[in-house]
There are 2 protein chains.
Amino acid sequence: MDQTPENDLRIAHSHTTLRELVVEKMRQAIISGRFDGGDRLVERTLCDQLGVSRSVVREAIRYLEAEGLVETLARSGPVVAKLDWNGARQIYEIRRLLEAEAAAACARVADAAVKARLCDALAALESAFQDAAPHKLYAATTDFYQVIFTSARHNIAWEVVQRLNGRISRLRALTLATTNRRVSGPAHMARICAAICDNAPEAAAEAVRNHLVDAAEIARTLLESPP
Amino acid sequence: MDQTPENDLRIAHSHTTLRELVVEKMRQAIISGRFDGGDRLVERTLCDQLGVSRSVVREAIRYLEAEGLVETLARSGPVVAKLDWNGARQIYEIRRLLEAEAAAACARVADAAVKARLCDALAALESAFQDAAPHKLYAATTDFYQVIFTSARHNIAWEVVQRLNGRISRLRALTLATTNRRVSGPAHMARICAAICDNAPEAAAEAVRNHLVDAAEIARTLLESPP
DNA sequence: GACCGTAAGGTGGTATACCATATGATTGCA
DNA sequence: TGCAATCATATGGTATACCACCTTACGGTC
């Protein structure tokens with residue numbers, strides 16, 4: 001049932017609901033650290049801050065709850081989920097499994113078009129590293145992996161990874177900002193890209209694993225250092 | 001609020017929140033096939049069937065939407081997510097990765113208590129196989145894996161697997177009911193249990209992989225044969 | 001100082017109203 | 001008759017008011 005009305009005069013209006021906007025706002029607020037782990041999410045306060053009604057806020061909270069960014073305590077209400085090293089460690093391990101598999105699959109099926117898109121993404125990534133713009137870097141990293149996952153046709157794994165990344169996003173932002181990471185990061189990415197362009201699945205998987213071991217190590221030092 | 005207790009979808013008020021009950025009811029309705037893939041979820045109809053207000057239904061839908069069991073189409077509203085073999089295949093592959101890793105980790109750390117719990121779960125599983133009670137079998141299988149994941153301290157991976165299982169639950173119910181599976185299933189499980197009791201990580205991982213390859217194969221034949 | 005009652009603030013839940021849009025039926029005009 | 005405009009209905013999205021219940025903090029009483 002694909003109806004793509006090219007000659008439709010109507011403006012393609014995105015039809016983003018308020019709810020989606022609020023979900024995105026709140027997700028960003030949690031990611032950016034504006035809402036800290038453990039903070040209570042008081043419905044009516046959020047209504048005021050966001051300028052929307054309770055319905056919208058409550059539904060957005062339910063969505064984020066299912067995503068794992070928010071947890072609702074019985075008889076107390078929703079709070080921002082807290083992240084400890086135990087949780088982060090598990091997430092990095094899951095990412096290691098899924099991303100290594102995706103990179104290997106991508107290396108197996110990558111044709112010229114995929115390689116070109118990947119190299120573009122890598123170039124954007126390196127450019128973002130140069131600019132030292134955190135949000136650009138974040139977006140570029142996401143793009144790079146998205147190319148890998150989608151071209152490997154691992155779109156459900158990509159969903160999983162994105163959701164997990166939401167839960168460690170503060171951490172990712174921190175690791176991306178770390179000097180150490182700023183040096184080793186692009187090198188890892190370049191190796192991953194090279195392995196895929198060589199259609200070398202095992203090398204690609206290994207490069208991904210190395211990257212994530214490093215990232216997890218930086219995350220650990222950040223999390224275990226005094227709050 | 002009229003109360004006609006003959007309606008079997010009507011939820012029983014209790015200590016947990018209405019929202020959670022509704023989420024569970026709807027999840028079960030989707031899993032059991034009462035709501036089929038592609039079916040529209042009309043809010044006001046659900047309100048009548050469940051005997052709750054729109055707010056509760058809408059929040060439950062948001063939760064299931066984030067879980068991937070429901071998707072909301074623009075200008076049309078929520079529908080039950082459809083499952084094709086491509087999606088199911090990916091989910092089985094992700095499960096293969098996560099469950100193999102969890103089984104290996106469990107085998108590494110399993111002490112007498114863990115082994116006892118695992119053997120208990122296996123016994124319950126085999127008993128459920130004998131009874132040929134689908135829902136018991138389903139629950140027993142879940143319990144068995146839960147012991148593995150929780151004792152390996154892979155609770156986030158367990159969350160992920162549970163959510164993914166929700167999306168292929170109809171399929172799981174079918175595979176569990178298949179005779180073929182009824183024969184090979186417990187054998188696989190017994191091998192997994194034995195490997196863990198031997199503290200043999202690689203053997204445990206391999207047993208899990210074999211189990212899932214079989215399950216995926218059965219699922220494929222079920223999905224690709226016209227209903 | 002301990003205890004109890006009350007008030008405030010919060011969530012959970014419900015009912016209702018309003019608007020925008022999609023869809024199908026109906027009506028009216030050529 | 002046929003087509004088009006219009007109307008009605010269904011439905012989702014949003015806002016608002018209200019109630020019940022729980023928790024917490026405060027303050028008064030013993």
Side-chain angles (χ1 to χ4, degrees), chain A residues 1-5 7-26 30 35-36 38-66 69-81, chain B residues 1-5 7 9-26 29-30 35-36 38-66 69-81:
Chain A
M1 231 167 281
D2 41 342
Q3 38 191 13
T4 49
N7 48 4
D8 194 343
L9 293 185
R10 258 188 340 180
I11 298 171
H13 76 314
S14 45
H15 200 262
T16 51
T17 62
L18 259 185
R19 187 178 61 244
E20 292 169 64
L21 293 175
V22 167
V23 165
E24 194 49 37
K25 278 265 183 193
M26 288 180 62
I30 294 173
F35 293 159
D36 201 11
D39 283 0
R40 291 193 62 175
L41 294 173
V42 179
E43 294 176 2
R44 284 156 174 98
T45 307
L46 289 172
C47 292
D48 292 342
Q49 291 175 329
L50 294 161
V52 296
S53 71
R54 267 184 79 203
S55 318
V56 177
V57 168
R58 286 175 64 91
E59 289 178 33
I61 288 176
R62 289 325 143 210
Y63 196 96
L64 294 171
E65 186 182 354
L69 262 69
V70 166
E71 37 191 56
T72 55
L73 310 175
R75 300 176 299 278
S76 169
V79 298
V80 177
Chain B
M1 182 172 61
D2 56 338
Q3 303 176 3
T4 49
N7 196 324
L9 263 185
R10 190 164 233 100
I11 60 112
H13 293 60
S14 81
H15 48 299
T16 53
T17 63
L18 267 183
R19 193 174 56 242
E20 290 168 57
L21 293 172
V22 167
V23 165
E24 194 50 37
K25 278 272 183 191
M26 289 181 60
I30 294 172
F35 293 160
D36 200 9
D39 283 1
R40 290 191 61 178
L41 294 172
V42 180
E43 292 176 1
R44 287 165 173 92
T45 306
L46 288 171
C47 293
D48 293 342
Q49 289 176 329
L50 294 160
V52 297
S53 69
R54 268 181 86 196
S55 314
V56 177
V57 168
R58 286 178 62 90
E59 287 177 36
I61 288 175
R62 289 323 141 214
Y63 197 95
L64 294 171
E65 187 183 351
L69 264 71
V70 167
E71 35 191 61
T72 301
L73 309 177
R75 295 184 190 79
S76 167
V79 299
V80 177

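By convention in this document, chain letters (A, B, ...) are assigned in the order of the sequence lines, proteins followed by strands, and residues within each chain are numbered from 1. What you see is a predicted model; the values in this text were computed from it and never measured.
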Does B:Arg62 pair with B:Glu65 as a salt bridge, N-O distance under 4.0 Å?
yes
As an exercise, state the distance from CD of B:Glu43 to CD1 of B:Ile61, rounded to the nearest 0.5 Å.
5.5 Å
From B:Thr72 OG1 over to A:Glu20 CD, what is the distance, rounded to the nearest 0.5 angstrom?
8.0 Å
Distance check needed: C:dT21 P versus A:Leu18 CG, whole Å only.
14 Å
Classify the nucleic acid contact of B:Leu73 as base, sugar-phosphate or nothing, counting any heavy atom under 4.0 Å across all strands shown.
nothing
Contacts of B:Glu24 that satisfy salt bridge (charged side-chain N to carboxylate O under 4.0 Å, His left out) - sequence neighbours left out
B:Arg27
Checking D:dA15, C:dT14, D:dG13 against the side chain of A:Ser53 (C-beta onward), the nearest is D:dA15
Just to be sure I understand the geometry, which residues of residues 55-64 of chain B put a non-hydrogen atom under 4.0 Å away from DNA chain C?
B:Ser55, B:Val56
In the structure I gave you, are the side-chain heavy atoms of B:Val80 and B:Leu41 within less than 4.5 Å of one another anywhere?
yes
Judged by each residue's nearest nucleotide on DNA chain D, which is more toward the 5′ side, B:Pro78 or A:Gly51?
B:Pro78
Can you confirm whether A:Leu46 sits close enough to A:Phe35 that some side-chain heavy atom of one is under 4.5 Å from a side-chain heavy atom of the other?
yes
Reading nucleotides 19-24 of chain D 5' to 3', which nucleotides get B (base under 4.0 Å from a protein heavy atom), which S (sugar-phosphate only), which -?
---SS-
side-chain contact (heavy atoms from CB on, under 4.5 Å) between A:Lys25 and A:Leu21: does it pass, once the steps are laid out?
CA-CA 6 Å; A:Lys25 278 265 183 193; A:Leu21 293 175; 5.5 Å; no
Interatomic distance where CG belongs to B:Leu46 and C1' belongs to D:dA10 [whole Å]:
15 Å
Proximity to the side chain of B:Arg19 - top-ranked nucleotide from C:dT14, D:dG12, C:dG12
C:dG12
Over how many whole Å does the gap from A:Leu41 atom CG to C:dG10 atom P extend?
13 Å
Could you give me the CA-CA distance, side-chain angles and deciding distance for A:Arg54 and B:Ser55, then say whether side-chain contact (heavy atoms from CB on, under 4.5 Å) is met?
CA-CA 10 Å; A:Arg54 267 184 79 203; B:Ser55 314; over 6 Å; no
